[in-house]
There are 2 protein chains.
Amino acid sequence: MGDTRRQILAVALQLFSENGYFNTSVHDIKRAAGLSIGAIYHHFSGKESIAQALHELLVERMSALLEERVAAAATVCERSRWIVADLFALAETEPTVMRFILHARHQEFLPDAPPICSTRPFQLLLKLVEEGMGTGEVRALEPTVGAAALFGGALRLIHLHLDGMLPAPLASYLDDCCDCGWRAVAA
Amino acid sequence: MGDTRRQILAVALQLFSENGYFNTSVHDIKRAAGLSIGAIYHHFSGKESIAQALHELLVERMSALLEERVAAAATVCERSRWIVADLFALAETEPTVMRFILHARHQEFLPDAPPICSTRPFQLLLKLVEEGMGTGEVRALEPTVGAAALFGGALRLIHLHLDGMLPAPLASYLDDCCDCGWRAVAA
DNA sequence: GTCTATAATTTGATAGAC
DNA sequence: GTCTATCAAATTATAGAC
């Protein structure tokens with residue numbers, strides 16, 4: 001059930017990530033999936049609809065990943081580290097997912113999608129920082145600034161990794177990266 | 001001299017920044033510039049050529065901006081702060097320029113352009129961090145990690161600003177943002 | 001549900017007059 | 001250098017048989 005649909009999404013993700021949304025035509029997707037145009041338009045109302053489904057699916061998935069971490073009973077420092085570790089791992093094992101979520105310019109082809117930063121995964125990061133301020137682990141800061149400082153370095157490294165600009169695996173930077181992030185906001 | 005050319009570039013920047021490169025046709029540029037197709041193709045070999053010229057121009061401009069700051073005789077900490085202040089100011093006064101440089105997916109429409117991170121402005125940030133390690137101001141770190149930590153937070157805030165997600169002007173976050181960045185890497 | 005064939009637009013780009 | 005008119009190709013999407 002929904003097997004063809006899933007395959008369309010998988011192929012589309014691959015192509016969007018590889019060549020970009022606008023450099024991928026429905027015919028490209030059709031070809032790569034070994035299907036016909038008709039089959040695709042039976043499952044989706046159009047190319048934008050495919051991107052939209054993909055966006056919801058992947059944001060939801062990342063949300064679940066982070067929520068697990070945020071819910072864990074531990075210090076904010078430890079949780080932030082696990083979150084970064086998860087993000088690094090995801091970027092290594094499924095770069096297409098990371099690329100689509102992070103630097104697909106959703107607003108360019110999904111006019112109705114909210115900016116990535118107002119999406120649940122990013123809200124979770126914000127909430128974590130606010131919680132840290134509540135417990136006194138994190139010093140008093142505009143929460144937005146705190147979240148940017150705590151996770152901004154990690155996100156930059158992920159971008160660099162996706163662009164193929166890092167010589168070593170992301171994981172090898174984990175310790176230093178988290179250390180930097182924490183020093184930035186620690187009380 | 002080169003007046004028409006400049007106008008084409010200005011209009012293209014505006015439209016690219018507003019709607020994205022792929023949602024902007026040469027006919028759109030023609031219309032917005034009050035010119036004809038012929039005039040545009042006389043000055044540029046095509047749409048991609050316009051984007052390329054724009055890319056070179058703006059990266060060069062940002063490069064000059066940063067180089068001025070990096071050359072100033074002061075501590076690495078102070079210089080990094082000035083750089084962030086300049087970037088914030090540019091993002092406020094010329095968001096189209098910042099948008100084009102930062103989050104236009106250059107590789108999608110300029111296959112020959114190097115990734116933005118390997119471009120001179122970003123190399124300067126890296127060099128600044130390395131210099132700080134030399135003088136002992138910055139603790140020993142993989143330079144890439146250090147640069148990501150020192151400027152990652154600021155870049156995130158700029159992205160948020162460009163997405164209209166910041167309630168207050170960027171400048172109001174400058175002090176806290178720079179403080180966070182410096183704590184992350186200070187020796 | 002999947003196919004082929006095709007319609008309707010749009011796009012990047014060229015030709016040639018002025 | 002700028003214009004208008006036009007082309008060729010590609011793209012999204014639909015129609016209708018099976």
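Per chain, numbering begins at 1; letters A, B, ... match sequence-line order. Values reported hereafter were calculated over all heavy atoms of this structure, with side chains retained and with hydrogens, waters and symmetry mates removed.
Among the atoms of the strands shown, none is found under 4.0 Å from any heavy atom of A/S49.
Scanning DNA chain C 5' to 3' for nucleotides with an atom closer than 4.0 angstrom to a non-hydrogen atom of chain A gives a first and last hit of C/dG1 to C/dT4.
For the pair A/D176 (side chain) and B/L141 (backbone), a donor-acceptor distance under 3.5 Å is absent.
A salt bridge does not link B/R79 with B/E137: none of the charged nitrogens is closer than 4.0 Å to a carboxylate oxygen. The pair B/R99-B/E18 does not count as a salt bridge, with every side-chain nitrogen at least 4.0 angstrom from each carboxylate oxygen.
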Just list the side-chain donor-acceptor pairs under 3.5 Å for residues 154-164 of chain B, sequence neighbours left out, or say none.
unit_1: B/H159; atom_1: ND1; unit_2: B/L155; atom_2: O; d: 3.2
unit_1: B/H161; atom_1: NE2; unit_2: B/A91; atom_2: O; d: 3.4
unit_1: B/D163; atom_1: OD1; unit_2: A/Q107; atom_2: NE2; d: 3.4

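Counting non-hydrogen atoms of other residues, nucleotides and ligands closer than 6.0 Å to CD of B/E68 gives a total of 12 or fewer.
Relative ring orientation between A/F109 and A/F16 is described as tilted, the plane-to-plane angle lying within the 30° to 60° band.
Remark on the helix from C/dG1-D/dC18 to C/dC18-D/dG1: inter-end axis angle 0°, axes from five-pair C1' superpositions, rounded to 10°.
Screening residues 82-94 of chain B for side-chain hydrogen bond (donor to acceptor under 3.5 Å, both in side chains), with sequence neighbours left out, gives B/R61-B/E94, B/R69-B/D86. Within the structure, the side-chain hydrogen bond (donor to acceptor under 3.5 Å, both in side chains) test picks out the following pairs touching residues 30-57 of chain A (sequence neighbours left out): A/D28-A/R31.
Closest heavy-atom contact between A/I50 and A/A12: CG2-CB, 3.6 Å.
For DNA chain D, the residues of residues 30-44 of chain A within the heavy-atom distance limit of 4.0 Å (strictly under) are A/I37, A/Y41, sorted by number.
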- Any chance you could lay out the side chain to side chain contact (heavy atoms under 4.5 Å, CB included) test for B/L150 and B/V84, step after step, and finish with the verdict? CA-CA 10 Å; B/L150 181 52; B/V84 172; over 6 Å; no

